[in-house]
Amino acid sequence: MTAFRTRRLRLGDESNLNAIYNRIVGRERIKWSRSLEAMRWIWHQAPGGPVDSWVIETEVDTEWTIIGHHALCPVRFTFGDEDLLCAKTMNSFLLPEFRDRFSYLRFEQECLREVDARFDATYSVGAGSSRLRSALGYTNFGTWIQFERGFQPLHVIYRVVANLVGRQSYSARARLLRVLASISAVPVREPSRELVELTSIDAPSSRFFSDFWKEARIGAGMAPRRGVEDLEWRFWKRQGFQGTTLTYTSPVGRAYFIVETANPVIYSLADFYISPPQPELFDNLLDALYVWCAQRGALAVRCRTITQGLPAALLEVLSCKMKPSVLQRFIPAFELPRRFSVAMRLRTNGVFPVWNTTDLLVVDSL
Amino acid sequence: MTQEPGPFFRIAVPVSTALLRQIIAQLDTRINLKKLKDNTRLRDAGADSLDLFNFILAIEERCGIVIPSEDVGQVNTLDGMARYLNEKLS
């Protein structure tokens, strides 16, 4: 009979766990793997506090070896003027060969019980996670939709060609895409709204972010907090993050976009917020964003949100200005099951508010 | 007044694989009962982690016992589950 034991993660386990994580997600090559430093940033530097993390071990030749893991990562949320602490499931796994020898769901249930009082809600992101976690009280909140907007008529063809040619080398693919993009660059028009560009070093100390969320949170419903500390943790100070922050301020409203530019030709809109949520302003700002991306040689920009993750009027604008990604048809849909604490259910009278969120909470999903 | 036999009947020894099949049939699972022989692993008959978990919960509820996570390897076939319960309940 195989012996198992479960316990809290210790500092000495981090390197082992990170190696297993990289192996499972297919990032064994050093260039693409998650570094220990990046893992520690997520685990220990979250403004909501350290991650609660547990491991499952089995005994192999008198040595205990990690075969499974579950973690809950605290993420600060706001609900009007109320501060909430939620948690996202992180790097949950049980190696396939142990799946009919150990009950992972019971283990997760025990982990959840241990820290339940700490969080107002817990949630998860992944394909098929709603069904699995329904036994733990999670209900599906929405499905992720990936939108895309190309800046050149042939951008899809260019990407297919580049993928075929540069299958083995990311840099060869990127080089080819840049060349193709430059052949038929479409002249970009002047935007009607002007965006201010901030680097990840400048953004945290900018005037814009010093009071943005203080104002915006009132009309945001239930939303991940977007204070300086939160955005630093998710983006600006996170190892490996490459991107630019664009802000907009006028008497009619304020907005920001955080654009990931790690892929030099396919940008990703990692987060955005518009306060107040005016569809017309959003429409104009998206135009300005497209011009900014196209001027820098991007072929397309992507954006991910969930079906119920934005006010309906803004989601409608997004659906008109961008198209659901073609790639989405070929991959299983990501779901966002969530589970509210008893206190939270009472506070909201069972009516679950809009969860204003974008790509940012998918970081390190498994 | 007579009591209708509900789905949550108590299990008594000896536990047979036929009885376990009856319990699975009452649950909303992906297990293909036609494919499930007494010694087939539940996973091989289409069960995922949720199905296994629900099956174990249903058994626990009907037997008044707890099957620890680490014992799951012994109860992942109908034969194994019947043997395990007959040992625990007798």
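All chains are named by letter (A, B, ...) in the order of the sequence lines, taking the proteins before the strands, and each is independently numbered beginning at 1.
Counted by atom type alone, H44(A) and E14(A) present one or more donor-acceptor pairs between their side chains at under 3.5 Å.
Interface residue L57(B): only side-chain heavy atoms are found under 4.5 Å from chain A. Heavy-atom distances place no part of Y104(A) under 4.5 Å from chain B, backbone and side chain included. With a 4.5 angstrom heavy-atom cutoff, S134(A) touches chain B only via side-chain atoms.
In this structure, M90(A) and W43(A) have side chains that are in contact, with non-hydrogen atoms separated by less than 4.5 Å.
Counting heavy-atom pairs closer than 4.5 Å to chain A, the top residue among L42(B), D51(B), V75(B), I56(B) is D51(B). With chain B as partner, the option from T6(A), L136(A), T58(A), D100(A) having the largest number of non-hydrogen pairs under 4.5 angstrom is D100(A). The residue among D71(B), D48(B), I67(B), N54(B) with the most heavy atom pairs within less than 4.5 Å of chain A is D48(B). The choice from R101(A), R5(A), Q109(A), R131(A) that makes the most heavy-atom pairs within less than 4.5 Å of chain B is R131(A).
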The test is salt bridge (Lys or Arg N to Asp or Glu O under 4.0 Å); show your working for R7(A) and D13(A) and say whether it passes.
CA-CA 11 Å; R7(A) 61 170 174 81; D13(A) 299 322; 2.8 Å; yes
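Counting non-hydrogen atoms of other residues, nucleotides and ligands closer than 6.0 Å to CG of D28(B) gives a total of 12 or fewer.
Across every non-hydrogen atom of F107(A) and H69(A), the tightest pair is CE2-C, 4.2 Å.
Under a cutoff of 6.0 Å and an axis angle of 45°, R34(A) and Y21(A) form a cation-pi pair.
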